[in-house]
There are 2 protein chains.
Amino acid sequence: MRYKAGLETRERILGATRSLVAQNGLDGTTIKAICELAGVLPGSFYNLFASKEQAIVTVVREAIDAVDPDPDHHGTDTLQDLVDAYVRFLEESPELSRVYIRIGVSGAGSNPELTGRMVRHHQERVGRFAAAMKRQSPDLSETLAERRAETLVLALNGIALHRIIDPAFDVAWHARVLLDDAAAVS
Amino acid sequence: MRYKAGLETRERILGATRSLVAQNGLDGTTIKAICELAGVLPGSFYNLFASKEQAIVTVVREAIDAVDPDPDHHGTDTLQDLVDAYVRFLEESPELSRVYIRIGVSGAGSNPELTGRMVRHHQERVGRFAAAMKRQSPDLSETLAERRAETLVLALNGIALHRIIDPAFDVAWHARVLLDDAAAVS
DNA sequence: TTCAAATTAGAGTGGACACTCAAAGAGTCA
DNA sequence: TGACTCTTTGAGTGTCCACTCTAATTTGAA
């Protein structure tokens, strides 16, 4: 894995895995399909990855990390910033976002490392939304902000999900409705 | 399929299928597991069902139908009635509701009949929510009510989804937040 | 140019899968 | 009871899966 050729092949394999997981889900993605799309034979695949799962986990990690934008902005962004960032992620990285939603949905399969990562990611995400909420309406109690933030995050996931079935679905508009409704209360 | 024994076996198989699909998803459910849980051998399974898919489709249909409560009430129920009914379904039929969410959400696999059924179900559901919204705030335009209703339905799905990962999740509370937020705007 | 290490090729393995089938066993009529 | 149909049995089939292995080829540092 030190030569240039190997690194290129690795990228081709990850790209193929990303597309296939986005299209067919975690279970529906086979080594054969990955190899064909990447223009590689099984021997090459297993020279670079220990297992099918390793390739998929790599792609999934990539997807989870891509959802959390600008980690530096922690503590300054508004609720709208966070919602906008998510919408942008959904629109600008359709393949990665499909991967992200697929795991969120299928519970990350049976991989414990991935499940743990997804749960932690969710908690962090809710925390970040809750902090933005509290900044916006300081008289909100800590726990109420957390719970309301979770409602919003999960609702956004519900919206994002529908795009797997209907690619033309207007995610931005619906996300905006959720944001406005939440704002109308506080 | 005319004798009593056959009908009983059929029910046992469907029950096993329902549990397994709820637990392991559509792809993760195997004939072997269904047969073991139902206390039946493959030959018996194939005496009653033409394929694994047929058994799964039967269970999925059941789940989709169970979401739509009281079809007679059409045209009289409030938004809160509809939300409450969904929450009740989620809490009282956990297995069916997991099946429902798994397909609604994963795009029903690659079965076109099932996908079509799910899309139609979604549209009807949105229509029913939209009608309740218009009844509540008559000055809402037709299309706006539809789109806002869709936002609500999808957000509810997002909430329901989280229960697959966390069975202790308080669906009712979060559903209420969505309902109240939506009401606060109109 | 040499040569060890990295990379590919591609046939092959064992296991799990959905599904079949012929024969034996029950249930339900006349 | 006889006769017919439905049901169960359980070993068996072919296919596809993730994954392995050996030998050939390519790479790049010295």
Side-chain angles (χ1 to χ4, degrees), chain A residues 1-21 23-60 99 102-103 106 108-114, chain B residues 1-21 23-60 99 102-103 106 108-114:
Chain A
M1 213 202 286
R2 254 191 338 253
Y3 294 173
K4 204 176 60 177
L7 293 173
E8 278 175 8
T9 305
R10 190 184 141 87
E11 286 313 306
R12 276 213 315 283
I13 289 174
L14 287 177
T17 306
R18 194 181 305 123
S19 294
L20 290 165
V21 170
Q23 205 162 44
N24 310 322
L26 298 176
D27 296 324
T29 300
T30 67
I31 293 284
K32 194 171 165 258
I34 292 174
C35 289
E36 268 167 17
L37 189 55
V40 149
L41 285 167
S44 292
F45 180 95
Y46 283 97
N47 178 50
L48 294 162
F49 296 90
S51 64
K52 169 188 158 182
E53 191 171 34
Q54 190 180 95
I56 287 186
V57 166
T58 304
V59 163
V60 168
V99 172
R102 288 234 186 241
I103 1 143
S106 69
S110 53
N111 183 308
E113 192 252 317
L114 226 53
Chain B
M1 213 201 287
R2 247 186 348 249
Y3 291 178
K4 202 176 61 177
L7 293 173
E8 277 174 10
T9 305
R10 190 185 142 87
E11 285 314 306
R12 277 213 316 284
I13 289 174
L14 287 177
T17 307
R18 196 180 307 123
S19 294
L20 290 165
V21 169
Q23 205 162 44
N24 310 321
L26 299 177
D27 296 324
T29 299
T30 67
I31 293 283
K32 192 170 166 257
I34 292 173
C35 288
E36 267 167 18
L37 189 56
V40 149
L41 287 166
S44 292
F45 179 95
Y46 284 97
N47 178 49
L48 294 161
F49 296 91
S51 65
K52 169 188 158 183
E53 191 171 32
Q54 190 180 94
I56 288 185
V57 166
T58 304
V59 163
V60 168
V99 172
R102 281 224 133 98
I103 6 136
S106 71
S110 53
N111 184 308
E113 192 251 317
L114 227 51

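The chains referred to below are lettered A, B, ... by the order of the sequence lines, with proteins before strands, and numbering in each begins at 1.
- Separating the CZ atom of A/Arg2 from the C1' atom of D/dT26 is a distance of 15 Å, rounded to the nearest angstrom.
- Rounded to whole angstrom, the span from the CG atom of B/Asn47 across to the P atom of D/dG10 amounts to 15 Å.
- The OH atom of B/Tyr3 sits 15.0 Å away from atom CD of B/Glu8, with the distance rounded to the nearest 0.5 Å.
- For A/Gln54 against A/Phe49, the heavy-atom pair with the smallest separation is OE1-CA, 3.6 Å.
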Polar pairs (N or O, both sides) under 3.5 Å between protein and nucleotides 25-30 of chain C?
{"unit_1": "C/dG27", "atom_1": "N2", "unit_2": "B/Tyr3", "atom_2": "OH", "d": "3.3"}

From CA spacing to verdict: side-chain contact (heavy atoms from CB on, under 4.5 Å), A/Thr58, A/Arg10 = CA-CA 11 Å; A/Thr58 304; A/Arg10 190 184 141 87; 4.2 Å; yes
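- At whole-Å resolution of the value, CZ in A/Phe49 and P in C/dT8 are 12 Å apart.
- Rounding to whole angstrom units, CG of residue A/Leu7 and C1' of D/dT27 are separated by 13 Å.
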How does protein reach along nucleotides 11-22 of chain D, written 5' to 3' as B (base within reach of a heavy atom under 4.0 Å), S (only sugar-phosphate), or - (no contact)?
-> ------SSBBB-
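- Scanning all heavy atoms of the two residues, the minimum distance from B/Phe45 to B/Ala55 falls at CZ-CB, 3.8 Å.
- Here the closest heavy-atom approach between residue A/Arg102 and residue A/Gln23 is recorded as NH2-O, 3.1 Å.
- Summarising the geometry, the separation between CD1 on B/Ile56 and C1' on C/dA18 is reported as 11 Å, rounded to the nearest angstrom.
- Protein atom CG of B/Leu41 is 14 Å distant from nucleotide atom C1' of C/dC19, rounded to whole Å.
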Scan the side chains in residues 26-40 of chain A for donor-acceptor partners under 3.5 Å anywhere in the protein, sequence neighbours excluded, and list what turns up.
{"unit_1": "A/Thr29", "atom_1": "OG1", "unit_2": "A/Leu20", "atom_2": "O", "d": "3.4"}
{"unit_1": "A/Thr29", "atom_1": "OG1", "unit_2": "A/Gly25", "atom_2": "O", "d": "2.7"}
{"unit_1": "A/Thr30", "atom_1": "OG1", "unit_2": "A/Ala33", "atom_2": "N", "d": "3.1"}

